[in-house]
Undergrad: 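Got a structure for you, questions after.
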Amino acid sequence: MQKGGVGKTTTTINTAGALAERGHDVLAIDADPQGALTLKLGHKGRYRRFSDNPNKDAEALIDVLTQDGDMEFDQLDDLIISGGEYDIIPAHMRNFLAEKSLYTDRRGFQVSKNRSQPL
């Protein structure tokens, strides 16, 4: 369960901005299904984006994190939006599916761990 109204998004924005101001390369990843960070940074279109191909969903973080996705970890760059201060991988409405998939899949932790190994 995620507690709302405690400042998670505001803290993320301020921390990312402060790190960028100090010369660090920052990539904020919005894995929140509600997409608060993505929406606050003005990327509503990406949160609600649909694929140009009617037979395929728009690519999103869920495609990297779950076995059902068709993206590999090395394709993560395709999701990045370059920003003035820092970059972001935006949330997508489909992140609700990832949360459910990772929670109900007995191997959800292992899937996430395997997908993130190159870090």
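In this chain, numbering begins with 1 at the start of the sequence shown. The structure displayed is predicted, hence computed values, not measured ones.
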Undergrad: Please report the interatomic distance NE2(H43) to CD1(I81), rounded to the nearest 0.5 Å.
TA: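 If we round to the nearest 0.5 Å, H43:NE2 and I81:CD1 are 4.5 Å apart.
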Undergrad: Scan the side chains in residues 11-20 for donor-acceptor partners under 3.5 Å anywhere in the protein, sequence neighbours excluded, and list what turns up.
TA:
residue : atom : partner : partner atom : Å
T11     : OG1  : G7      : O            : 2.7
T12     : OG1  : K8      : O            : 2.8
N14     : ND2  : T10     : O            : 3.3
T15     : OG1  : T11     : O            : 2.8

Undergrad: Quick one: list whatever passes side chain to side chain contact (heavy atoms under 4.5 Å, CB included) with L27, sequence neighbours left out.
TA: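 Counting only residues at least two positions away or on another chain, L27 forms a side chain to side chain contact (heavy atoms under 4.5 Å, CB included) with I29, I80, D87, I89.
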Undergrad: May I have all residue pairs that pass side-chain hydrogen bond (donor to acceptor under 3.5 Å, both in side chains) and include part of residues 19-31, sequence neighbours excluded?
TA: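 Output for this query lists D30-T38.
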Undergrad: Would you say I88 ends up clustered with L39 if hydrophobic residues are merged whenever their side chains have heavy atoms under 4.5 Å apart, either directly or through other cluster members?
TA: no
Undergrad: Taking all atoms of both residues into account, what is the closest heavy-atom pair of A91 and G35, and its distance?
TA: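 Reported closest heavy-atom pair: CB-CA, 3.5 Å.
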Undergrad: Taking all non-hydrogen atoms of both residues into account, name the closest pair between L41 and Y86 and its distance.
TA: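 For L41 versus Y86, the nearest heavy atoms are CD2-OH, 3.7 Å.
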